[in-house]
Amino acid sequence: MTDTVEPLVADLIAWIGGGRPYPDVMDAWKTSCPRLPVWEEANLRGLLACSRDANGGEWVRVTPTGREFLRTRQLAQGRLEQDRT
């Protein structure tokens with residue numbers, strides 16, 4: 001399952017970027033499929049964190065671990081693309 005979820009977790013982290021409102025994230029990334037728990041997997045790995053702003057709005061942000069995960073993955077993909085040329 002990790003091979004299936006890994007690119008989707010990376011997509012989620014990249015999409016969240018500097019932060020997005022929690023309702024937007026849930027609308028775009030919630031799943032009813034127990035075989036593709038992208039949101040759950042990212043949270044279990046500590047790649048995301050939820051917090052509230054001054055107005056009480058809940059936000060999802062990428063953690064330092066999440067940024068490192070994405071950076072490492074992007075570097076690996078860059079190496080793969082270079083190897084193909």
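Throughout, numbering of the chain's residues begins at 1 and tracks the sequence.
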Would you say [X]'s side chain and [Y]'s backbone share a donor-acceptor pair under 3.5 angstrom?
X	Y	result
Asp53	Asn55	yes
Thr65	Leu47	no
Asn43	Trp39	yes
Thr63	Ala49	no
Arg45	Glu40	no

**Prompt:** How would you list, by chain and number, every residue that makes a salt bridge (charged side-chain N to carboxylate O under 4.0 Å, His left out) with Arg61, sequence neighbours excluded?
**Reply:**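 Here no residue qualifies.
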**side chain to side chain donor-acceptor pair (under 3.5 Å) against Glu68, all qualifying residues, sequence neighbours excluded** =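 So Glu68 forms a side chain to side chain donor-acceptor pair (under 3.5 Å) with Arg71, Thr72.
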**Flag side-chain contact, heavy atom, 4.5 Å: Leu48 against Val25** =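 With C-beta onward as the side chain, the pair stays apart.
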**Prompt:** Do the side chains of Trp15 and Asp11 get nearer than 4.5 Å, heavy atoms only?
**Reply:**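 No - every pair of side-chain heavy atoms lies 4.5 Å or more apart.
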**Asked** Which is it for Glu41 and Glu6 under the side chain to side chain contact (heavy atoms under 4.5 Å, CB included) test, yes or no, and what are the steps along the way?
**Response** CA-CA 9 Å; Glu41 184 69 23; Glu6 199 78 8; over 6 Å; no
**Asked** If you look at every heavy atom in Leu12 and Ala42, which pair is closest and at what distance?
**Response**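 Smallest heavy-atom distance, with atoms named: CD2-CB, 3.9 Å.
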**Request:** Begin from the C-alpha positions of Trp59 and Cys50 and carry the test side chain to side chain contact (heavy atoms under 4.5 Å, CB included) through to its verdict.
**Result:** CA-CA 5 Å; Trp59 284 77; Cys50 293; over 6 Å; no
**Asked** Is it the case that one hydrophobic cluster holds both Leu8 and Val62, taking links as side-chain heavy atoms less than 4.5 Å apart, direct or via other members?
**Response**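 The answer is yes; both residues are in one hydrophobic cluster.
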